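Since the structure comes first, as structure tokens, the remarks are kept for the end.
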Amino acid sequence: SKGIAVRIISCYGDDLWKAQFDASAAAGCSESGSIDNGHYGNPGVFGLEGKQIYPIGGADADGEPSMQCSDGDEAFNEKGEDKLVTPVESSNNDATSHQHDEVQDSSASDLLGDVKVLSLDNTTNRIPVDDEELNVAEGGEGEISTEDHDALLLEAFYFSLNTTVKDKMLPIPVSTLYAGHIIPAVKDIGKHKLDMKKTKHRKIGVFLKEQASLDLISLSPSKDGKDTAAFLSKVNRADQQLRAAKKLLQNNPNFPGPKSSGEGKEKLKIANLLIVPQKIVVAMNLDRDMVSAANAKSDDRKGTGFLTGPECREILVTYLEHNDLFDPNDPGYVLIDGPLGDALWGQTKKQRQAAAQSLTKANERPTRLSRKLLQEKWSSKMESAYAIVAMPGSKILSLKRGQPPMILIEVEKRQGNKKFTTRIRGLEEYGIDGESFSNDVAKRFACATSAESNPEGRAALKKGHVECVLQGHLVNELQALLTGNAKFSSHGGAKDGGYFIPQEVIEVKLRKGVSKKKV
């Protein structure tokens, strides 16, 4: 909404000016004989006895500013008392003029006191006000010219093409380009507010047609053909001006860049890790630094024992080389020594007892094995672990043993009708607040939602976790929203979620009577 600015101007004789006197004086009746017999405040009006009212700052016969309030019969003396003053009869009467000026000056100071008097501009008959002060008073940051608006529009256009507008997004509607990319770019640039109507183009379509004529972009019409600039269909990334603008942007290290919805947020990845069991470390007398990941590239993993696949395989290769276990006749095979056989094929006491009772053969330990099969056996004996990594930057958010937690999406049929309810839990494991997510889904898909901390008849939740209950069959939409992958759903509400959850940690369950939705 827009407000209305009101400028209040008070002048000699108006109602605001009269408010400083008592009621009898302010009445201005002719019987009281005070305050110009009621004719103040009406410049140019002839009152009783031929008196004429002059405005403050009006010109006298000499063309000088005057404080006359009548033809000169009444005024105020220096003490603020009424005093009869002979009118100025001639511009040549210097004494009278001098006396009149003194009375005028004293009258102004006595009547107005400390109030600042705004004198009128004799040439324009208006109060001179500095343009910049007036603009600041009205809440602006200073007006900019049409040329400045044109330059700002062009800069924001280049900025959006180099940052938020990607080729895979094309074609996009011109309205989306303007509202979702150019206007946010103006804010990111941090300059004046762009007013499209103050540019020479006045409309974004006219501006884009001009850029298309310069071979910077390509436009495509609407389906009915009425609008020839309905979509931005192509961007010429080889354009010299666009490349120059991108270079300036890249050379500014202090500029953070724009952040459209979802952009600039961390994308989560799951890194599968391995841990060498302690019994294998002891049996094979492995290097403690290698087992503890002391030389890991990531500082967050150093000394934790969480190993990547290549690091874990390197431990085995080092052991084989140190003990000279590669078959000299066939480098593709490895000789199995005692410690290696015990570590990979050895059985615990309970396993041996169980094998004896069932009369089954114990694990036969090979003496020679291919490198490929040995690697597979080695990996199968490792303990599983995982890391939640934020990209870019490979920042480790969590290191834990076991399998990564799953986000469960479950759809069930409502009793008595054909409608569905979608439930989702486990969001908190990946830093998503359940209640906030529930509200976000309600706005995106226009459905009823709730967040339950203790759902009745359902598996118990961890402390601080909630289960989101959503109206409708929203499996595809939720997968698209959480992963950022549009292949699951083309629903507009699923775009630009900014959650970036790995697909492998999302589990979907469809209860009885619920069919899979088509994409």
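In this text the structure is predicted, and so the values were computed from the model without any measurement.
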- [ ] Identify whether the distance between the nearest side-chain nitrogen and carboxylate oxygen of Arg365 and Asp342 falls below 4.0 Å.
- [x] yes

Open item on the list: Looking at Gly493, is its backbone amide N or carbonyl O close enough to the side chain of His491 to form a donor-acceptor pair, meaning the two atoms are under 3.5 Å apart?
Closed with: yes

TODO: Would you please test Glu410 and Arg423 for salt bridge (charged side-chain N to carboxylate O under 4.0 Å, His left out) and show each step?
DONE: CA-CA 5 Å; Glu410 188 175 348; Arg423 297 175 179 269; over 6 Å; no

Open item on the list: Whether Glu412 and Lys509 form a salt bridge (side-chain N of Lys/Arg under 4.0 Å from carboxylate O of Asp/Glu) is what I want to check.
Closed with: no

Open item on the list: If you count heavy atoms of other groups shown closer than 6.0 angstrom to NZ of Lys302, is the number above 12?
Closed with: yes

Task: More than 12 heavy atoms from other groups under 6.0 Å of CZ on Arg511 - done: no

Open item on the list: Under a 3.5 Å distance rule, please check whether Ser222 uses its side chain to pair with a backbone N or O of Asp227 as donor and acceptor.
Closed with: yes

TODO: Kindly say whether Phe159 contributes a backbone atom to a donor-acceptor pair with the side chain of Thr163 at under 3.5 angstrom?
DONE: yes

TODO: Give a yes or no on whether a salt bridge exists between Asp440 and Arg444, defined as a side-chain N under 4.0 angstrom from a carboxylate O.
DONE: yes

Task: Tyr333/Phe326 aromatic ring centres below 6.0 Å - done: no

- [ ] Determine, for Arg458 against Glu467, whether the closest basic-nitrogen to carboxylate-oxygen distance falls under 4.0 angstrom.
- [x] yes

Task: Test of ring centre spacing under 6.0 Å for Tyr499 and Tyr430 - done: no

Task: Side-chain heavy-atom pair Val411, Thr421 within 4.5 angstrom cut-off - done: no

